[in-house]
Peer 1: 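Once you've had a glance at the structure underneath, I'll fire off some questions.
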Amino acid sequence: MALKRNIFLVEDEAHIQQLIQYNLEASGFLVSVFGSGEELLRQCASAIPDLFILDLMLPGIDGLEICRQIRLDARMRQIPVIMLTARAEEFDRVLGLELGADDYITKPFSVRELVARVKAIFRRTEGSQQAEGEIVRAGEIVLDPARHEAHKGDVRLELTLKEFELLKILMQNRGRVLTRDLLLEKVWGFDYFGETRTVDVHIRYLRQKIEDDDAKPLYIETVRGVGYRFV
């Protein structure tokens with residue numbers, strides 16, 4: 001029998017905690033609930049989950065700072081993060097994605113939608129852990145899907161799950177223009193309810209990691225009004 005996926009949820013509103021925990025556990029997940037970012041980070045010193053769900057507005061350390069600390073920790077750098085917030089401004093959404101969040105959902109939200117997004121993320125995670133073809137090389141960049149590793153020269157690239165998936169699909173389709181809608185579908189899955197702006201944010205962050213000068217990219221080309229091409 002497959003082990004149940006473990007989710008760490010940090011949310012300071014008790015009724016939302018209970019609602020999310022009940023529905024995720026009903027879907028077969030294990031859920032550990034924390035009322036503050038400090039509690040969650042203390043627990044992470046001894047145990048690491050398969051996915052984080054972080055409320056943005058928290059007493060003390062907020063969700064953005066938690067996400068930043070998670071991405072700075074080599075043990076947790078590739079663990080998926082979903083952020084919850086009552087604020088829908090584009091600045092907050094983009095900042096959360098730039099800090100490494102994999103998904104972003106605003107309150108009030110459908111619990112069924114949240115569960116669908118969790119399942120979609122785990123489907124992508126499971127897929128990325130399987131061997132999916134041979135090593136791909138382009139210039140200094142070498143991507144190994146089976147080992148889930150990417151290098152530029154002798155330096156290992158520290159990519160989040162979504163950044164790795166984006167780089168993989170772009171490299172595997174080198175020379176082809178991939179639309180934003182296609183990238184959303186392939187990387188985030190059919191159950192993802194985001195906007196194409198999400199792709200742009202992740203591409204920008206990916207460029208900062210693989211390009212010598214992300215303002216003059218040599219690898220990922222923008223095709224205006226359409227999408228992106230790996231050249």
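Note: hydrogens, waters and symmetry copies are ignored here, and every other heavy atom, side chains too, is used. The residues of the chain are indexed from 1 along the displayed sequence.
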Peer 1: Excluding sequence neighbours, so at least two apart, what forms salt bridge (Lys or Arg N to Asp or Glu O under 4.0 Å) with Asp212?
Peer 2: Lys152

Peer 1: Between NE2 of His151 and CD1 of Ile141, what distance do you get to the nearest 0.5 Å?
Peer 2: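 Result: 12.0 Å between the selected atoms.
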
Peer 1: So if I apply the side-chain contact (heavy atoms from CB on, under 4.5 Å) rule between Leu166 and each of Ile203, Ile220, Leu159, which one comes out positive?
Peer 2: Ile203

Peer 1: Any chance you could measure Leu143, atom CG, to His148, atom NE2, to the nearest 0.5 Å?
Peer 2: 8.5 Å

Peer 1: Dump the intermediate steps for side-chain contact (heavy atoms from CB on, under 4.5 Å) on Met83 and Leu64, then the final yes or no.
Peer 2: CA-CA 8 Å; Met83 301 199 73; Leu64 291 175; 3.8 Å; yes

Peer 1: With a 4.5 Å cut-off on side-chain heavy atoms, are Phe230 and Leu167 touching?
Peer 2: yes

Peer 1: Between Lys168 and Glu165, does at least one N-O distance fall below 4.0 Å, as a salt bridge requires?
Peer 2: yes

Peer 1: Going by an N to O cut-off under 4.0 Å, is there a salt bridge joining Arg42 and Glu39?
Peer 2: no

Peer 1: Show your reasoning for whether side-chain contact (heavy atoms from CB on, under 4.5 Å) applies to Ile66 and Leu58.
Peer 2: CA-CA 10 Å; Ile66 298 169; Leu58 294 167; 3.7 Å; yes

Peer 1: Look at the side chain of Gln17 and the backbone N and O of Glu11, then say whether any donor-acceptor pair between them is shorter than 3.5 Å.
Peer 2: yes

Peer 1: In this structure, would Leu30 and Val81 fall into the same cluster of hydrophobic residues linked by side-chain contacts under 4.5 Å?
Peer 2: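 No.
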
Peer 1: Closest approach of Val115 and Ser27, non-hydrogen atoms and distance?
Peer 2: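 In terms of heavy atoms, the two residues are closest at CG1-OG, 3.5 Å.
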
Peer 1: List the steps, then state whether side-chain contact (heavy atoms from CB on, under 4.5 Å) holds for Leu84 with Ile20.
Peer 2: CA-CA 11 Å; Leu84 305 176; Ile20 295 174; 3.7 Å; yes

Peer 1: Tell me whether Glu211 contacts the main-chain N or O of Tyr219 through its side chain, where contact means a donor paired with an acceptor under 3.5 Å.
Peer 2: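 Between the backbone of Tyr219 and the side chain of Glu211 there is a qualifying donor-acceptor contact (under 3.5 Å).
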
Peer 1: How close do Ala138 and Arg174 get, heavy atom to heavy atom, and via which atoms?
Peer 2: CB-NH1, 3.9 Å

Peer 1: Can you name the closest pair of heavy atoms from Asp50 and Phe122 and give their distance?
Peer 2: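 Heavy atoms of Asp50 and Phe122 come nearest at O-CE2, 3.6 Å.
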
Peer 1: Can you name the closest pair of heavy atoms from Gly35 and Val10 and give their distance?
Peer 2: C-CG2, 4.4 Å

Peer 1: So among Val33, Val118, Ile105, which one has a side-chain contact (heavy atoms from CB on, under 4.5 Å) with Ile53?
Peer 2: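 Of Val33, Val118, Ile105, side-chain contact (heavy atoms from CB on, under 4.5 Å) with Ile53 is met by Val118 alone.
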
Peer 1: Quick check: closest heavy atoms across Cys67 and Ala101, and the distance to 0.1 Å?
Peer 2: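 Smallest interatomic distance, heavy atoms only, reads SG-N, 3.7 Å.
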
Peer 1: If you count heavy atoms of other groups shown closer than 6.0 angstrom to CZ of Arg77, is the number above 12?
Peer 2: yes

Peer 1: Is the shortest heavy-atom distance from the side chain of Leu40 to the side chain of Phe52 under 4.5 Å?
Peer 2: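 In short, these two side chains touch, coming nearer than 4.5 Å.
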
Peer 1: If Ile, Leu, Val, Met, Phe, Trp and Tyr residues are connected whenever their side-chain heavy atoms lie under 4.5 Å apart, and connections chain through other members, are Leu24 and Leu19 in the same group?
Peer 2: yes

Peer 1: With heavy-atom distances below 4.5 Å as the criterion, would you say the side chains of Asp73 and Ile48 are in contact?
Peer 2: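 No. Closest side-chain heavy atoms not under 4.5 Å.
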
Peer 1: Would you name the heavy atoms of Arg180 and Gly225 that are closest together and state the gap between them?
Peer 2: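 Heavy atoms of Arg180 and Gly225 come nearest at NH1-C, 4.4 Å.
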
Peer 1: Do Ile16 and Tyr22 belong together in a cluster built from hydrophobic side chains that touch within less than 4.5 Å?
Peer 2: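 Looking at the clustering, Tyr22 is in a separate group from Ile16.
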
Peer 1: With side-chain contact (heavy atoms from CB on, under 4.5 Å) as the test, pick out the partner of Tyr228 among Val177, Asp200, Ile169, Leu182.
Peer 2: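 Of the listed options, the one satisfying the test is Asp200.
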
Peer 1: Tell me whether Lys119 is salt-bridged to Asp103, with the criterion being a basic N under 4.0 Å from an acidic carboxylate O.
Peer 2: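 No, this pair does not count.
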
Peer 1: Asp62 and Met57: side-chain contact (heavy atoms from CB on, under 4.5 Å), yes or no, with the steps?
Peer 2: CA-CA 6 Å; Asp62 66 15; Met57 302 299 291; 6.0 Å; no

Peer 1: Just jot down the side chain to side chain donor-acceptor pair (under 3.5 Å) partners of Asn6, sequence neighbours excluded, or say none.
Peer 2: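 Asn6: no side chain to side chain donor-acceptor pair (under 3.5 Å) contacts found.
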
Peer 1: Is any side-chain heavy atom of Leu170 closer than 4.5 Å to one of Glu221?
Peer 2: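 The answer is no, as the side chains (C-beta and beyond) never meet within the 4.5 Å cut-off.
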
Peer 1: Any chance you could measure Cys44, atom SG, to Met76, atom CE, to the nearest 0.5 Å?
Peer 2: 4.5 Å

Peer 1: Could you tell me which residues satisfy side chain to side chain donor-acceptor pair (under 3.5 Å) with Thr179, sequence neighbours excluded, listed by chain and number?
Peer 2: none

Peer 1: In Å and rounded to the nearest 0.5 Å, what is the CG to OG1 distance from Leu56 to Thr106?
Peer 2: 11.5 Å

Peer 1: From Asp181 CG over to Leu184 CG, what is the distance, rounded to the nearest 0.5 angstrom?
Peer 2: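 These two atoms lie 6.5 Å from each other.
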
Peer 1: Mind checking the CZ-CD spacing from Arg71 to Gln78? Nearest 0.5 Å is all I need.
Peer 2: 8.5 Å

Peer 1: Heavy-atom distance under 4.5 Å between the side chains of Asp102 and Leu51, does that happen here?
Peer 2: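 Counting from C-beta outward, Asp102 and Leu51 never come under 4.5 Å.
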
Peer 1: Within the supplied structure, the quantity of interest is the number of heavy atoms (other residues, nucleotides, ligands) at a distance under 6.0 Å from Arg75 CZ; does it exceed 12?
Peer 2: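 Above 12, so yes.
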
